[in-house]
Amino acid sequence: MDWGQSDLHHRLVLPWRGFWRPTWSRRELLNGHWFRFEIFLLGLLFVAVPYFASNNIAAHYLGTVWDPEIWLDREIPVINWTIIPYAALYLFYPATLVVSPRHDRGRAELVLAMQTLILATLFCSFFFLVFPAEIDLRDQLDLDSLTDLESSLFGFVHFSDNPWNAWPSLHIVHSYILARLMTHWLSREHEGKPLARAFVVLLWVEYALLCISILTTKQHYLFDLVTGLAVGMVAWRLFQPALELVASDGGGQVAEDAGWT
């Protein structure tokens with residue numbers, strides 16, 4: 001492929017020239033385990049840091065520019081136990097690394113998926129900073145009615161995540177992309193296996209509960225959910241040409257064209 005003639009879409013979603021070369025060169029280290037660990041570290045740097053940085057900037061220095069709250073947001077009931085599927089988002093990241101195939105095709109797909117997460121995070125962070133909105137719903141929670149587990153999870157979420165970064169909901173964006181990616185791998189690598197099918201069903205039940213939970217834990221508005229779904233679906237659609245390119249050669253030519261080797 002002629003990378004020099006690629007349009008902006010290709011430049012963004014297809015392999016970033018040189019960026020992944022050091023990581024790719026170490027892909028066999030420690031039987032491939034280091035590669036996944038390095039991807040995890042890069043995710044912390046380029047995904048977690050922008051999110052929490054924008055969250056704290058909005059909380060301490062910005063004010064609401066446009067409030068997406070509608071009357072229905074306060075009519076949605078609090079359901080305490082849904083903090084469990086809400087917090088389960090944080091299991092999506094290690095689960096993706098565990099599910100990822102150990103061959104070069106799977107590694108290339110994982111790298112390209114990480115690019116998609118980085119771009120989606122930066123895209124959403126633009127709205128968090130330019131159109132900040134405080135999520136003013138936590139007063140509806142009855143903290144005295146929580147079980148010990150629910151109290152611990154709510155405490156963790158409220159401590160680590162200020163009630164900003166409203167829309168689009170990155171909770172929804174990230175989990176959608178990762179659920180689609182894990183489904184893609186499991187369907188291809190473990191086709192017909194009952195355990196893989198059961199995991200995919202569980203994964204999408206969790207995703208449905210996650211979509212509900214951002215509302216019933218009073219962490220987000222309906223508008224945040226709708227825009228998060230839209231961004232997640234568009235991001236996956238833009239990511240598909242990269243998947244198709246990797247599928248055409250198993251990842252080897254992609255790595256060579258991108259300058260990873």
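- Other residues, nucleotides and ligands contribute at most 12 non-hydrogen atoms within 6.0 Å of the CG atom of D148.
- A heavy-atom distance below 4.5 Å is not found between the side chains of D136 and P163.
- Shown here is F40, whose CZ atom has no more than 12 heavy atoms of other residues, nucleotides or ligands within 6.0 Å.
- Side-chain contact between R102 and R27 is absent, with no heavy atoms from C-beta onward closer than 4.5 Å.
- Rounding to the nearest 0.5 Å gives a distance of 4.5 Å between CG of L153 and CG of L149.
- The CD1 atom of I76 sits 10.0 Å away from the CD1 atom of I212 when rounded to the nearest 0.5 Å.
- W34 and F37 have tilted rings, their planes meeting at an angle from 30° to 60° on a 0 to 90° scale.
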Legend entry - side chain to side chain donor-acceptor pair (under 3.5 Å) between T82 and T216, intermediate numbers included: CA-CA 7 Å; T82 56; T216 55; 2.7 Å; yes

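- Contact of the F199 side chain with the M182 side chain is registered, since non-hydrogen atoms from C-beta on lie closer than 4.5 Å.
- Heavy-atom contacts from other residues, nucleotides or ligands closer than 6.0 Å to CG of L44 number more than 12.
- Cluster membership for L137 and F159, using ILVMFWY side-chain heavy atoms within less than 4.5 angstrom, is not shared.
- The two residues L210 and S213 make their nearest non-hydrogen contact at O-OG, 2.8 Å.
- Between H171 and H220, the two ring planes are tilted [angle within 30° to 60°].
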Inset, instruction - Determine, step by step, whether L110 and W185 satisfy the side-chain contact (heavy atoms from CB on, under 4.5 Å) criterion, reporting the C-alpha distance in whole Å, the side-chain angles of both residues, the deciding distance to 0.1 Å, and the verdict. - result: CA-CA 10 Å; L110 180 60; W185 282 333; 3.9 Å; yes

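- Put simply, L97 and L91 are part of two different groups of oily side chains (I, L, V, M, F, W, Y) that touch within less than 4.5 Å, one to the next.
- Panel note: side chain H190, backbone K193; no donor-acceptor pair is recorded below 3.5 Å.
- Here the side chains of W66 and F131 are not in contact, with every heavy-atom distance at 4.5 Å or above.
- Both L209 and V201 are members of a single hydrophobic cluster when ILVMFWY side chains are connected at heavy-atom separations under 4.5 Å.
- Counted by atom type alone, Y51 and D161 present one or more donor-acceptor pairs between their side chains at under 3.5 Å.
- Between the side chain of E109 and the backbone N or O of L243, no donor-acceptor pair lies under 3.5 Å.
- Counting heavy atoms from C-beta on, the side chains of D104 and W24 come closer than 4.5 Å.
- Checked by atom type and distance alone, the side chain of N162 never pairs as donor or acceptor with a backbone atom of A59 at under 3.5 Å.
- When all heavy atoms are compared, the tightest approach of H174 to V47 is CE1-CG1, 3.2 Å.
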Inset, instruction - Take W236 and F239 through the side-chain contact (heavy atoms from CB on, under 4.5 Å) test and state the conclusion after the steps. - result: CA-CA 5 Å; W236 181 261; F239 172 56; 3.5 Å; yes

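- Side chain of R74 to main chain of W71: no donor-acceptor pair is present (N/O by atom type, distance under 3.5 Å, no hydrogens or angles).
- By the 30° and 60° cut-offs, the orientation of the rings of W204 relative to Y207 is perpendicular.
- R138 contributes no side-chain N or O that, together with a main-chain N or O of K218, makes up a donor-acceptor pair within less than 3.5 Å.
- Under a 3.5 Å cut-off, the side chain of E134 and the backbone N or O of G63 do not form any donor-acceptor pair.
- Using a 4.5 Å cut-off on side-chain heavy atoms (C-beta onward), L146 and F154 make contact.
- E38 and T23 are linked by a side-chain donor-acceptor pair at a separation below 3.5 angstrom, with hydrogens and angles left out of the test.
- No side-chain heavy atom of F127 sits less than 4.5 Å from a side-chain heavy atom of C124.
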Inset, instruction - In sequence, state the C-alpha distance, the side-chain angles, and the governing distance for L170 and F128, and then conclude on side-chain contact (heavy atoms from CB on, under 4.5 Å). - result: CA-CA 10 Å; L170 264 186; F128 299 156; 4.0 Å; yes

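- A donor-acceptor pair shorter than 3.5 Å can be found between the side chains of S145 and N80.
- Using modelled atom types, no side-chain atom of H184 and backbone atom of R180 make a donor-acceptor pair closer than 3.5 Å.
- Formation of a donor-acceptor pair under 3.5 Å by the T147 side chain with backbone atoms of E150 is found in this model.
- Under the 4.5 Å side-chain heavy-atom criterion for ILVMFWY residues, a single connected hydrophobic cluster contains both Y90 and L45.
- Closest heavy-atom contact between G18 and P22: O-CD, 3.8 Å.
- In the hydrophobic cluster analysis, where Ile, Leu, Val, Met, Phe, Trp and Tyr join through side-chain heavy atoms closer than 4.5 angstrom, V157 is grouped together with Y93.
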Inset, instruction - Output, in order, the C-alpha distance, side-chain angles, deciding distance and verdict of salt bridge (charged side-chain N to carboxylate O under 4.0 Å, His left out) for E28 and R107. - result: CA-CA 10 Å; E28 299 290 353; R107 292 168 181 148; 3.0 Å; yes

Legend entry - CA sep, side-chain torsions, deciding dist, call: E191, L186, side-chain contact (heavy atoms from CB on, under 4.5 Å): CA-CA 7 Å; E191 184 179 4; L186 289 167; over 6 Å; no

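- Interatomic distance, CD1 of I118 versus CZ of F19, reported as 5.0 Å (0.5 Å rounding).
- The CG atom of L72 sits 13.0 Å away from the OH atom of Y221 when rounded to the nearest 0.5 Å.
- Going from atom OG1 of T227 over to atom CG of L222 covers 10.5 Å, rounded to the nearest 0.5 Å.
- In this structure, T96 contributes its side chain and F92 its backbone to a donor-acceptor pair below 3.5 Å.
- Nearest heavy-atom pair across D224 and P68 is OD1-CG, 4.1 Å.
- Across every non-hydrogen atom of S125 and S54, the tightest pair is OG-OG, 3.9 Å.
- For the side chain to side chain contact (heavy atoms under 4.5 Å, CB included) with W164, the lone residue among N56, I57, T64 that qualifies is T64.
- Taking 4.5 Å as the limit, some side-chain heavy atom of P85 sits within range of a side-chain heavy atom of W81.
- Listed here is the closest heavy atom pair of V65 and V130: CG2-O, 3.9 Å.
- For the atom pair CG of N165 and CZ of F52, the computed distance is 9.0 Å after rounding to the nearest 0.5 Å.
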